[in-house]
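When a ligand or atom number is given, it counts from 1 through the structure's own listing order. Hydrogens, waters and symmetry mates are skipped; everything else that's a heavy atom, side chains included, is used.
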Amino acid sequence: MAKKQFAVIGMGRFGSSVAKALSNLGFEVLAIDANEQRTQEVANMVTHAVSADTTDEDALRALGIRNFDVVVVAIGADIQASILTTLILKDLGVPKLIVKAQSELHGKVLSKIGADKVIYPERDMGLRVAHHLISPNILDF
Ligand code: ATP
């Protein structure tokens, strides 16, 4: 069976970390960011890195985005760009869409427009840390 192909949109701290980790695990990763400098910073660590505004449907089509098995949307601060990107990806038929949310309300909108999984990195990490702190294996933390 062919290895899954991933695209990650938004090379902030979260997106670039996901893209690099997947690449280190041996998967094909397309990294996309509207900011050329951000794209350049990860270019050596992923399969392909391109600059594109993902609120532009034609740009996403041209990248063949629907052929990727999983697309991660890691745009946080610009909620409008996050929502528009998610909507377009859903319309284009991306099989699995994972989207980072900035707030509960943002996440709710993302779920309603078809995100398969919504991630709240800061909230989820906070929960993990709290659970680790109270676990009997605290020395492993
Ligand atoms: P982190 O906390 O992971 O660093 P952040 O929420 O602070 O993320 P943002 O500023 O939201 O980061 O953006 C993440 C990346 O998404 C930025 O590098 C930004 O250039 C990119 N980005 C924002 N809008 C678009 C867009 N329309 N198309 C493509 N990339 C975009």
To which protein heavy atom is [atom] closest, and what is the distance rounded to 0.1 Å?
atom	result
atom 13 (O) of ligand 1	Gly76 N, 4.2 Å
atom 27 (N) of ligand 1	Asp53 OD1, 2.9 Å
atom 8 (O) of ligand 1	Lys100 NZ, 3.1 Å
atom 3 (O) of ligand 1	Phe14 N, 2.7 Å
atom 17 (C) of ligand 1	Arg38 NH1, 3.2 Å
atom 22 (N) of ligand 1	Ile75 CG1, 4.1 Å
atom 30 (N) of ligand 1	Ala34 N, 3.1 Å
atom 21 (C) of ligand 1	Asp33 OD2, 3.3 Å

Heavy-atom neighbours of Leu25 CG exceed 12 at 6.0 Å
yes

Heavy-atom pair of closest approach, residues His106 and Ile79:
CD2-CG2, 3.8 Å

Shortest non-hydrogen separation from Gly15 to Val8 and the atoms involved
O-CG1, 3.5 Å

Which atoms of ligand 1 sit under 4.0 Å from any heavy atom of [X]?
X	value
Asn35	20 (O)
Thr55	27 (N)
Ala52	28 (N), 29 (C)
Ala77	6 (O), 9 (P), 10 (O), 11 (O)

Just heavy atoms, cut-off under 4.0 Å: does [X] contact ligand 1 by side chain, backbone, both, or neither?
X	result
Arg13	both
Ala74	backbone
Ala81	side chain

Proximity flag Ile32 to ligand 1, non-hydrogen atoms under 4.0 Å
no

Run the contact test for Ser16 against ligand 1 with a 4.0 Å cut-off on heavy atoms, strictly below, and give the result.
no

Going by heavy atoms in the side chains, are Ser51 and Asp33 under 4.5 Å from each other?
no

Distance from [X] atom [atom1] to [Y] atom [atom2], nearest 0.5 Å?
X	Y	atom1	atom2	result
Leu30	Ser23	CG	OG	11.5 Å
Thr55	Gln80	OG1	CD	8.0 Å
Asp116	Leu110	CG	CG	11.5 Å

Pair listing, side-chain hydrogen bond (donor to acceptor under 3.5 Å, both in side chains) test, anchored in residues 85-103, at least two apart:
Thr54-Thr85

Taking the basic N atoms (NZ, or NE/NH1/NH2) and the acidic carboxylate oxygens, is any pair closer than 4.0 Å for Lys4 and Glu28?
no

Arg61/Glu57 salt bridge by N-O under 4.0 Å criterion
yes

Can you list the residues that meet the ring pair (Phe, Tyr, Trp, His ring centres under 6.0 Å) rule with Phe27, with sequence neighbours excluded?
Phe6

